[in-house]
Amino acid sequence: MKLKFMMLLTAVLILTGCSSFREIDVSDDGEVRRITTEDTNEIDIPVSPKNIVLFRSIDPGNASLLGFNVSGVNEGLENNSTIEDAYGREVTYLEPGDLESLKEINPDLIVTYSPDEYFEEYQEIAPSIRITYSSGIMSPFSPRVYLTQLYYLGVILNKEDEANKIGDEWEAETTVLKRGLTEQVDEKKALVAVENEDGYLLYNEYMSYGTEAVYDVLGFQMDEAAKDDVQDSLFDLKQPEDFGSFEADYMFVNVENPNDDNIRNEFSEALGIPLENVILLNSDDYITNDLISIKNQTEYIVDKVNEAGE
């Protein structure tokens, strides 16, 4: 849970950001690209990296979309279906800071989150880039943070045009996904929470764990008091009864066991909503917010919401 909490910490840095990710030169032999990063530093990276390690939860699925294999990912993704489907058993799950295991992979490119306490050590092993989870005021996809992150990775992997195309096509894809609802939910309110060791964390939009599917793709609204709560006290753990102070028609809860009816009952009673409107999500699969994951998450949520409306 500590690892996932760190991913959460990274995910909240979404307010603004000016990305300077861009290519500035290519070697005469065409093997090495020089790019600038958000740190305004220049770095030389392979034109076609072969052993890529990605420590951020959003990147592996997007790398697959861009046509890349990945050698190593964060160990927090070990039970994630998107990673399993994309890479099978060919990928190594790494604990951040496990330098010996990282060296065994012999990476030629490492991409990690910012801040990352091990970044300097990674730099001694391979070209390393850290990315802030930001909406990016220079991004063509602002304010959709998750699309901005796809764009950044596209620049890094020399697939900027492909990333732009995929991002542009996503808007049409979301329209198709939303049409799967038997009842439009633009006027409905929803909350998204994540189970923690001693309670639940309330999440805002663009923070993974299904928030992109719920708020951006399907168009659920978030209670203003809940928005203020996230803004003021993101890391405050809550019990189900604490959510009763917010208005919601649906409650989406990320849990380890999505078959736990006790959790559904507690939230149903606390919010005063039908039991079927409390939808439990498998947190291992919802921690990622690449486009593959978001599409799968949305399809699942659409089915559950439609079932609740029957």
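If you're wondering where the values come from, they're calculated on a predicted model, not measured in any experiment.
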Could you walk me through whether Ile58 and Thr288 pass the side-chain contact (heavy atoms from CB on, under 4.5 Å) test, one step at a time? CA-CA 5 Å; Ile58 192 172; Thr288 46; over 6 Å; no
Flag the pair Tyr200 / Phe267 as yes when their ring centroid distance falls below 6.0 Å, and as no otherwise. yes
Transitively linked via ILVMFWY side-chain contacts under 4.5 Å: Phe68 with Val47? no
Which distance, rounded to the nearest 0.5 Å, do you find between the OG1 of Thr112 and the CD of Gln123? 11.0 Å
Are there more than 12 heavy atoms of other residues, nucleotides or ligands under 6.0 Å from atom NZ of Lys238? yes
Measure from the side-chain N and O atoms of Glu195 to the backbone N and O of Glu256, and report whether any donor-acceptor pair falls under 3.5 Å. yes
State whether the side chain of Tyr122 and the backbone N or O of Gly97 hold a donor-acceptor pair below 3.5 Å, judged by distance alone. yes
Between Ser57 and Ile287 the two heavy atoms that sit nearest each other are OG-O, 3.8 Å
Salt-bridge test for Glu173 and Lys295: reply yes if a basic N is under 4.0 Å from a carboxylate O, no otherwise. yes
Please report the shortest heavy-atom distance between Leu181 and Val302, naming the atom on each side. N-CG1, 3.9 Å
Using atom types as modelled and distance alone, determine if a side-chain donor or acceptor of Asn306 lies under 3.5 Å from a backbone N or O of Gly180. yes
Using only atom types and a distance under 3.5 Å, with no angle test, would you say the side chain of Tyr87 pairs donor to acceptor with the backbone of Ser64? yes
Quick one: OG on Ser114 to CD on Glu38, what's the gap to the nearest 0.5 Å? 5.5 Å
Side-chain donor/acceptor of Asp59 to backbone N/O of Leu54, under 3.5 Å: no
Taking the six-membered ring of Phe119 as reference, does the cationic atom of Arg130 (NZ for Lys, CZ for Arg) lie under 6.0 Å from its centre and within 45° of its axis? yes
Looking at Tyr215 versus Phe220, is the centre-to-centre ring distance below 6.0 Å? no
Any chance you could lay out the side-chain contact (heavy atoms from CB on, under 4.5 Å) test for Val230 and Met222, step after step, and finish with the verdict? CA-CA 11 Å; Val230 173; Met222 187 177 187; 3.8 Å; yes
Do you know the tightest heavy-atom contact between Ala126 and Leu109? CB-N, 4.3 Å
Nearest 0.5 angstrom please: Ser128 OG to Glu120 CD, how far? 11.0 Å
Take Val255 and Ile263 through the side-chain contact (heavy atoms from CB on, under 4.5 Å) test and state the conclusion after the steps. CA-CA 9 Å; Val255 295; Ile263 294 176; 3.8 Å; yes
Which residues pass the side-chain contact (heavy atoms from CB on, under 4.5 Å) test with Glu160, sequence neighbours left out? Tyr151, Val155, Asn164
Using atom types as modelled and distance alone, determine if a side-chain donor or acceptor of Asn196 lies under 3.5 Å from a backbone N or O of Gly199. no
Checking Gln297 side chain against Asp285 main chain: does a donor-acceptor pair fall under 3.5 Å? yes
Specify the closest pair of heavy atoms between Ile156 and Arg33, including all atoms of both residues, with the distance to one decimal. O-NH1, 2.9 Å
Asp249 vs Lys189, salt bridge (Lys or Arg N to Asp or Glu O under 4.0 Å): CA-CA, chis, key distance, verdict: CA-CA 5 Å; Asp249 300 294; Lys189 289 186 171 65; over 6 Å; no
Short question: side chain of Ser101, backbone of Asp98 - any donor-acceptor pair under 3.5 Å? no
Checking side-chain contact (heavy atoms from CB on, under 4.5 Å) for the pair Asp260/Asn257: CA distance, chi angles, key distance, verdict? CA-CA 6 Å; Asp260 192 334; Asn257 178 14; 4.0 Å; yes
Minimum heavy-atom separation for Asn74 and Pro96, please, with both atom names. ND2-CG, 3.7 Å
Taking the six-membered ring for Trp and the single ring otherwise, decide whether the centroids of Tyr286 and Phe252 are under 6.0 Å apart. no
Could you measure the distance from the CG atom of Asn62 to the CG atom of Leu150? Nearest 0.5 Å is fine. 4.5 Å
If you apply the rule salt bridge (Lys or Arg N to Asp or Glu O under 4.0 Å), what do you find for Arg56 with Asp290, and how did you get there? CA-CA 11 Å; Arg56 302 197 313 159; Asp290 56 89; over 6 Å; no
Leu94 pairs by side chain to side chain contact (heavy atoms under 4.5 Å, CB included) with which of Val73, Leu102, Leu99? Leu102
Approximate separation, where rounding is to 0.5 Å, of Ile131 CD1 and Leu153 CG: 6.5 Å
Ionic contact status for Lys165 with Asp168, cut-off 4.0 Å: no
Could you give the side-chain donor-acceptor pairs of residues 241-248 under 3.5 Å, partners two or more places apart or in another chain?
residue : atom : partner : partner atom : Å
Asp242  : OD2  : Gln239  : N            : 2.8
Ser245  : OG   : Asp242  : O            : 3.1

Lys/Arg-Asp/Glu bridge criterion (N-O < 4.0 Å) met for Arg144, Asp216: yes
Residue that, paired with Ser71, satisfies side chain to side chain donor-acceptor pair (under 3.5 Å) out of Asn106, Asn51, Asp108: Asn51
More than 12 heavy atoms of other residues, nucleotides or ligands under 6.0 Å from CD of Glu171: yes or no? no
Donor-acceptor contact present, side-chain Asn265 to main-chain Asp261, <3.5 Å: yes
Work out which heavy atom in Met207 is nearest to a heavy atom in Glu212; give both atom names and the distance. N-OE2, 3.4 Å
In one Ile/Leu/Val/Met/Phe/Trp/Tyr side-chain cluster, 4.5 Å: Phe235, Leu202: yes
Taken to the nearest 0.5 Å, the spacing of Leu147 CG from Leu291 CG works out to 5.5 Å
If we check side chain to side chain contact (heavy atoms under 4.5 Å, CB included) with Lys304, which of these qualifies: Val278, Leu280, Ile279, Leu281? Ile279
